[in-house]
Enquirer: 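One structure, as structure tokens, below. Some questions next.
Being a predicted model, the structure only gives us computed values, none of them experimental.
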Amino acid sequence: AMVIVESYALAIVLCVITFRSVRMGLLSLIPNVWPILLTVGAMGWFGIWLEPATAMVAAVAIGIAVDDSVHFLSAYLEARDEGRDRVEAATRAFALYELGQDYMRAGLLDRAERLFEELVQNKLHRRQALERLLEIYQQEKDWDKCLKVATLLQEHTGRPMQNEIAHYHCELAEESLREGDESAAK
């Protein structure tokens with residue numbers, strides 16, 4: 001039982017820090033508390049004891065639920081700040097991002113690419129969408145697109161991407177050399 005309490009305590013602290021608001025941090029946990037309470041209540045009702053293994057599963061479930069809640073609320077706050085219909089924009093953005101990740105896991109990179117490009121264009125889940133696009137283009141060895149996305153990611157996040165950008169230039173130069181175009185390799 002202490003594992004569950006500690007997991008929620010840590011989740012509350014992290015959500016408060018993430019959203020820079022005690023109110024939003026606590027609100028983000030409401031959808032997470034309910035399923036765990038129902039599960040633990042059902043376990044008690046059916047006489048299933050809370051053992052280390054079941055407590056561990058509950059702690060992992062809390063982590064997964066909190067992660068989804070943070071993504072959803074981040075999209076909500078971003079949409080609200082930009083003046084869009086809050087719930088609709090946040091829900092759609094969250095659904096598109098999750099669907100894009102599912103497409104990636106299934107190997108449907110073209111479909112994932114389209115969804116992540118839409119999110120970037122609409123400025124929803126932009127950082128995450130750019131990161132996923134970069135993964136896709138690296139897998140496809142589309143170095144021109146890698147350069148474009150790495151530059152956008154650097155501008156959007158302020159995270160230095162010079163090493164990655166240099167790497168993509170090297171990949172393009174190697175492609176040019178393989179094709180016999182030495183002038184393009186420079």
Enquirer: Looking at residues at least two apart in the chain, or sitting in another chain, which of them share a side chain to side chain contact (heavy atoms under 4.5 Å, CB included) with Glu179?
Expert: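 Testing Glu179 for side chain to side chain contact (heavy atoms under 4.5 Å, CB included), a comparison that skips the adjacent residues, returns none.
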
Enquirer: Among all residues two or more places apart in sequence or in another chain, which pass the salt bridge (Lys or Arg N to Asp or Glu O under 4.0 Å) test with Glu135?
Expert: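 Glu135 satisfies salt bridge (Lys or Arg N to Asp or Glu O under 4.0 Å) with Arg132 once adjacent residues are dropped.
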
Enquirer: Looking at CD1 of Ile136 and CZ of Arg111, how far apart are the two atoms once the value is rounded to the nearest 0.5 Å?
Expert: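 Answer for the CD1-CZ pair, Ile136 versus Arg111, is 13.0 Å.
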
Enquirer: Minimum heavy-atom separation for Ala112 to Gly100, with atom names?
Expert: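 Scanning both residues, the minimum pair turns out to be CB-O, 3.4 Å.
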
Enquirer: About how many Å separate NZ of Lys123 and NE2 of His156, when rounded to the nearest 0.5 Å?
Expert: 10.0 Å

Enquirer: Just so I know, are the side chains of Arg114 and Asp110 near enough to count as touching, which here means a heavy-atom distance under 4.5 Å?
Expert: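 They are in contact (side-chain heavy atoms under 4.5 Å apart), so the answer is yes.
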
Enquirer: May I ask you to test the Arg105-Asp102 pair for a side-chain heavy-atom distance under 4.5 Å?
Expert: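 When only atoms from C-beta onward are counted, Asp102 and Arg105 do touch, with a gap below 4.5 Å.
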
Enquirer: Does any part of the side chain of Leu134, heavy atoms only, come nearer than 4.5 Å to the side chain of Tyr168, both counted from C-beta?
Expert: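 Of all side-chain heavy-atom pairs linking Leu134 with Tyr168, at least one is under 4.5 Å.
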
Enquirer: Mind jotting down which residue pairs meet the side-chain hydrogen bond (donor to acceptor under 3.5 Å, both in side chains) criterion with at least one end in residues 142-155? Sequence neighbours excluded, please.
Expert: Glu113-Lys145, Trp143-Glu175

Enquirer: With a 4.5 Å heavy-atom cut-off, do Leu172 and Leu147 have their side chains touching?
Expert: yes

Enquirer: For Ala129, enumerate each residue passing the side chain to side chain contact (heavy atoms under 4.5 Å, CB included) test, keeping only those at least two apart in sequence or located in another chain.
Expert: Phe116, Leu119, Val120

Enquirer: With sequence neighbours excluded, what pairs up with Gln121 under the side chain to side chain contact (heavy atoms under 4.5 Å, CB included) test?
Expert: none

Enquirer: To the nearest 0.5 Å, how far apart are CD in Glu140 and CG in Leu109?
Expert: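 Spacing of CD (Glu140) from CG (Leu109) equals 5.5 Å.
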
Enquirer: Going by the rule salt bridge (Lys or Arg N to Asp or Glu O under 4.0 Å), which residues pair with Arg159 if we only count those two or more places apart in sequence or in a different chain?
Expert: Glu131

Enquirer: Could you measure the distance from the SG atom of Cys170 to the CG atom of Leu177? Nearest 0.5 Å is fine.
Expert: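 If we round to the nearest 0.5 Å, Cys170:SG and Leu177:CG are 10.5 Å apart.
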
Enquirer: Without hydrogens or angle criteria, can the side chains of Gln101 and Tyr97 be said to hold a donor-acceptor pair below 3.5 Å?
Expert: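 Yes, a side-chain donor-acceptor pair sits under 3.5 Å.
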
Enquirer: For His167, check side chain to side chain donor-acceptor pair (under 3.5 Å) against everything at least two apart and list the hits.
Expert: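 With neighbours one apart ignored, the set is Glu171.
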
